[in-house]
Amino acid sequence: MEDGQSLGPRICEGDCAVLKRDDVFKAVPVLRRRKIIFEKQWFYLDNAIGHIYGTTFEVTSGGNLQPKKEVEETTTETKEAGTDNRNIVDDGKSQKLTHDDIKALKDKGIKGQEIVQQLIENSTTFRDKTEFAQDKYIKKKKKKYEAVITIVKPSTRILSTMYYAREPGKINHLRYDTLAQMLTLGNIRAGNKMIVMETCAGLVLGAVMERMGGYGSIIQMYPGGGPVRAATSCFGFPKLFFDNLHEFPLSKVDSLLSGTFSTETLPSEPEDNALVEEESNGLTDEKQTSLQETEEESTTEAAMEINQTEEQETMDVNAEDVEFKENKEKENVREKQRKQWERRKKLIETAALLREKNADGLIVASKFHPTPLLLSLLEFVAASRPFVVYCQYKEPLLECYTKLRERGGVINLKLSETWLRNYQVLPDRSHPKLTMSGGGGYLLSGITVVLDKGKSDSSNAEALKMEEPSSKRCKVQDLHC
C-alpha cells in the first residue's frame, strides 16, 4: 500500500481530471453516477475513484471502467511480413468478417483486443504487408475497437494542449510552447507579485498560479463585468491558491492612476443595518397580510358557514407559504448585500496593492490592442522587472514596440515568434510530422527601468508637435513665449 501511495496522487471524488485517448484530451469533474461521453464512448467514473492518476482503463459493458492489464508480447517467432505493398489492391474484399459479424462479437461481450486479433486472422492481405504497414493497421484497428482511456492530472502543458486542439479561439490561438516562453520571460516564480491581464479563458492565469505554487500575490485585470476563469477551474487548485488572488476592473485603471478612484460608500455595519431595515419592512408587510387575512375570514364566514373549517385550513397553509416566501426573500437580500460589501472591500484592497506600484512582473495576453493596455499597466510595475505581451498578430506588437521606444523607461525590447514542429520518433522511421502548426502568435518582452520624467515630457511634447497642424503649432509656440 505504501508503494502504491508513493507512485503519485490518487483520483478523488470532486477532483477535476483530464481524459486522454491518443492525442485527444477532455477535462471533466470526477463525480459518481454522472454519465461521461468522450470519443463516441459513454461511461461512469465511479470505479476510477481511488486509483492513481495516469492509470489506463478499459470501458466494459454498462459503462463501467476497469484498469487495463498490461499484456506483454512474448512471441519469439519472427513476424511474417512482405517486402513491399505494390501487389496489394484495396478492393474491400480482403476482410472476411462483415459488419454483422463484428457487431455480433461486440454483443457477446468480447473485448476490443480480441476483435482486433480476429480481424488480423481474417485478413487475406495482412501477411503480405510490410512490417511498418502491419503496425499501422493494428494501431488503426485498436483505435476503432478498443475502448481505452487514460485519466491524467491536469497541468499547464495538458490543458494548453487540450484548448489549442479543441477550442483555439477561446485562448486567442495561444500555443503551448508560446505559453511556456511567456512564463520563462516573465520570470514567474514563488513569492512574486504579478499583474495578469488576459482574455484566454483563464488559461494564462492558471499557468501563473501553478508556477507560483500558492506563494505570492496575483492581481488579475479584467474587462467587462467580471473575470472569466473557465480554464483556471480545470486545474483543480486548492482554496489556498485563491486566497492571494485579487481582481481589478480595467475600467477603473485610469481613475486609479489619476487619483480620482473611489468606490461607493461602504456601510459601517452592513449586516446589522440590513437586518434593521428588513425587520421594519417585514413588520409592515406582516401587518398588511394580517389585515388581508381578517378581511378574507369575515367574507368567508358571511358567505359560507358550512365550509368554514376547510377554508380555515387552506388559509393556514397560504399564510405559511407567504411567511416562507418572505423569509426566503429576506435571506436573498441579505446574501446579495453581503456579497456586494465583500466585493467592494476586496476592490479597495486590490487598489491599495496597485497604488504601491511595486509589481514584480506583468503578463498581457488579450484580444484587445496591446498598446494602451501596456502603457497604463506598466505604471504599476517596479523598475528592473520583466513584462511580456502576447498577440496573435504581429502588427499591433510592432506599434506597441514603437510607442515604448518613444516613451522610454524600458530596455531589452524583443519581438519574437516561436517555430514549432513535431517529430515522429520510431525505430527506423523517425521523421518530422507532415502536419504542423502554422503559427503560435508573437511575443513582445522587455525589462522596465526608471523613467526620466523630463525626457518623457519632452518626448511627449515633440510627439504632439508632430501630430498637430502647423496653424495650431504656431499658436502653441506663441502661448509659451
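Source: prediction; values computed, not measured. Start at 1 with the first residue, then count along the sequence. Heavy-atom basis, side chains included; hydrogens, waters and symmetry copies ignored.
Pairs engaging residues 202-252 under the ring pair (Phe, Tyr, Trp, His ring centres under 6.0 Å) rule: Phe235-Phe237, Phe237-Phe241, Phe248-Phe261 [sequence neighbours left out].
Every residue meeting the side-chain hydrogen bond (donor to acceptor under 3.5 Å, both in side chains) condition with Thr178, not counting sequence neighbours, appears here in chain and number order: Thr418. For His51, the ring-ring contact (aromatic ring centres under 6.0 Å, His included) partners two or more places apart in sequence, or in a different chain, are Phe57.
Within 6.0 Å of NZ on Lys394 lie no more than 12 heavy atoms contributed by other residues, nucleotides or ligands. Under a cut-off of 6.0 angstrom, the local environment of CG in Asp243 is crowded, with over 12 non-hydrogen atoms contributed by other residues, nucleotides or ligands. Within a 6.0 Å sphere centred on CG of Leu426, heavy atoms belonging to other residues, nucleotides or ligands number more than 12. The environment of Lys170 atom NZ is sparse: at most 12 non-hydrogen atoms of other residues, nucleotides or ligands sit within 6.0 angstrom.
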So Thr199 and Val228, side-chain contact (heavy atoms from CB on, under 4.5 Å) or not? Walk me through it.
CA-CA 8 Å; Thr199 56; Val228 179; over 6 Å; no
Please assess Val253 against Leu354 for the test side-chain contact (heavy atoms from CB on, under 4.5 Å), listing each intermediate value before the final yes or no.
CA-CA 10 Å; Val253 170; Leu354 288 172; 6.0 Å; no
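Rounded to the nearest 0.5 angstrom, Ser160 OG and Arg175 CZ are separated by 11.0 Å. Within the model, atoms NE2 of His173 and SG of Cys200 stand 10.5 Å from one another, a figure rounded to the nearest 0.5 Å. Separation of atoms OH (Tyr137) and CD1 (Ile120) is listed at 7.0 Å; rounding is to 0.5 Å.
For Val18 against Leu159, the heavy-atom pair with the smallest separation is CG2-CD2, 4.1 Å. Taking both residues in full, the closest heavy atoms of Tyr53 and Val152 are given as CD2-C, 3.5 Å, listed atom of the first, atom of the second, then distance. Between Leu174 and Tyr164, the shortest heavy-atom contact is O-CD1, 3.6 Å. Of all the heavy atoms in Arg385 and Gly361, the pair that sits closest is CB-N, 4.4 Å. Taking both residues in full, the closest heavy atoms of Glu210 and Ser155 are given as OE2-CA, 3.5 Å, listed atom of the first, atom of the second, then distance. Nearest approach of Ser366 to Met197, heavy atoms of both residues: CB-SD, 3.6 Å.
You'll find the side chain of Lys129 stays beyond 4.5 Å of the side chain of Ser123, heavy atoms only. Under the 4.5 Å side-chain criterion, counting only non-hydrogen atoms from C-beta, Ile151 is in contact with Leu19. For the pair Thr402/Thr371, no side-chain contact is recorded, criterion being any heavy-atom separation below 4.5 Å from C-beta on. When side chains are defined from C-beta on, Phe380 does not count as touching Leu353, because their heavy atoms never get closer than 4.5 Å. With a 4.5 Å cut-off on side-chain heavy atoms, Leu378 and Leu404 count as touching. Counting only heavy atoms from C-beta outward, the side chains of Pro154 and Cys234 never approach each other to under 4.5 Å.
Salt bridge present: Arg338 and Glu342 bring a charged side-chain N and a carboxylate O closer than 4.0 Å. Taking a cutoff of 4.0 Å between a charged side-chain nitrogen and a carboxylate oxygen, Asp360 and Lys193 do not qualify as a salt bridge. Using a 4.0 Å cut-off between a side-chain N of Lys or Arg and a carboxylate O of Asp or Glu, Glu379 and Arg407 qualify as a salt bridge. Using a cutoff of 4.0 Å between basic side-chain nitrogens and carboxylate oxygens, Glu247 and Lys346 are not scored as salt-bridged.
For the residue pair Thr260/Ser255, the side-chain donor-acceptor check at 3.5 Å is not satisfied. Donor-acceptor pairing under 3.5 Å is lacking for the side chains of Gln66 and Thr60.
Geometric assessment of Arg33 against the ring of Tyr44 yields a positive cation-pi assignment under the 6.0 Å and 45° thresholds.
Between the side chain of Arg429 and the main chain of Pro427, a donor-acceptor pair closer than 3.5 Å is present. Remark: side-chain polar atoms of Asn192 are paired, donor with acceptor, to backbone N or O of Asn187 under 3.5 angstrom.
Just one residue in the list Gln41, Lys68, Lys20 forms a side-chain contact (heavy atoms from CB on, under 4.5 Å) with Val148, and that residue is Lys68.
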